[in-house]
Q: 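For reference, the structure I am asking about is given below.
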Amino acid sequence: MFGKVYSNGGLAFRDPTCRRLVSVSKDGTARIWDTVLGTTLASLSGHTASVTCVRWGGEGLIFTGSQDKTIKVWTPEARFLLPSPVTVW
């Protein structure tokens, strides 16, 4: 569950054999996908501008960065946004 994180701009997944992948979008959301079924498991909304990068990081958290100049931290299983987004100047 805490495998190496592979990231490519708008996509991040924890392990090439894992079924879950995160994508980001210009609509201000990040989506968790089931890569086998091709379905969306969750939509993470909270940014006010395009989400331009994602990282599936340590302890299973998802980090998203947006053109709204914030970085948000998410818990993928509970689909919650953690408090205190970071503002980037």
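All values below come from the heavy atoms of this structure, side chains included, with hydrogens, waters and symmetry mates left out.
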Q: Begin from the C-alpha positions of Thr75 and Leu61 and carry the test side chain to side chain contact (heavy atoms under 4.5 Å, CB included) through to its verdict.
A: CA-CA 5 Å; Thr75 59; Leu61 299 175; 3.8 Å; yes
Q: Tell me the closest heavy-atom pair linking Ala30 and Val22, and the distance in Å.
A: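 It is CB-CG1, 4.2 Å.
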Q: Start with the C-alpha distance between Arg19 and Leu37, add both sets of side-chain angles, then the distance that settles side chain to side chain contact (heavy atoms under 4.5 Å, CB included), and finish with yes or no.
A: CA-CA 9 Å; Arg19 291 177 65 142; Leu37 298 177; 3.6 Å; yes
Q: Please check if the side chain of Thr40 supplies one atom and the backbone of Ala42 the other of a donor-acceptor pair under 3.5 Å.
A: no
Q: Which heavy atom of Cys53 sits nearest a heavy atom of Val24, and at what distance?
A: O-CG1, 4.0 Å
Q: Short question: side chain of Ser43, backbone of Arg31 - any donor-acceptor pair under 3.5 Å?
A: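 Not confirmed, Ser43 side chain does not pair with Arg31 backbone.
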Q: Indicate the atoms forming the closest heavy-atom contact of Ala49 with Asp68, along with that distance.
A: CB-N, 3.5 Å
Q: Whether the side chain of Ser66 engages the backbone of His47 through a donor-acceptor N/O pair (distance < 3.5 Å, no angle test) should be reported.
A: no
Q: To the nearest 0.5 Å, tell me how far Ser23 OG sits from Leu44 CG.
A: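 Between atom OG of Ser23 and atom CG of Leu44 there are 9.5 Å.
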Q: Could you check whether Thr64 and Trp74, counting side-chain N and O atoms only, form a donor-acceptor pair closer than 3.5 Å?
A: yes
Q: Would you say that Thr35 contacts Arg20 through its side chain, given a criterion of any heavy-atom pair below 4.5 Å between the two side chains?
A: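 Not in contact.
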Q: For the atom pair CD1 (Ile32) and CD1 (Ile62), what is the distance rounded to the nearest 0.5 Å?
A: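 These two atoms lie 4.0 Å from each other.
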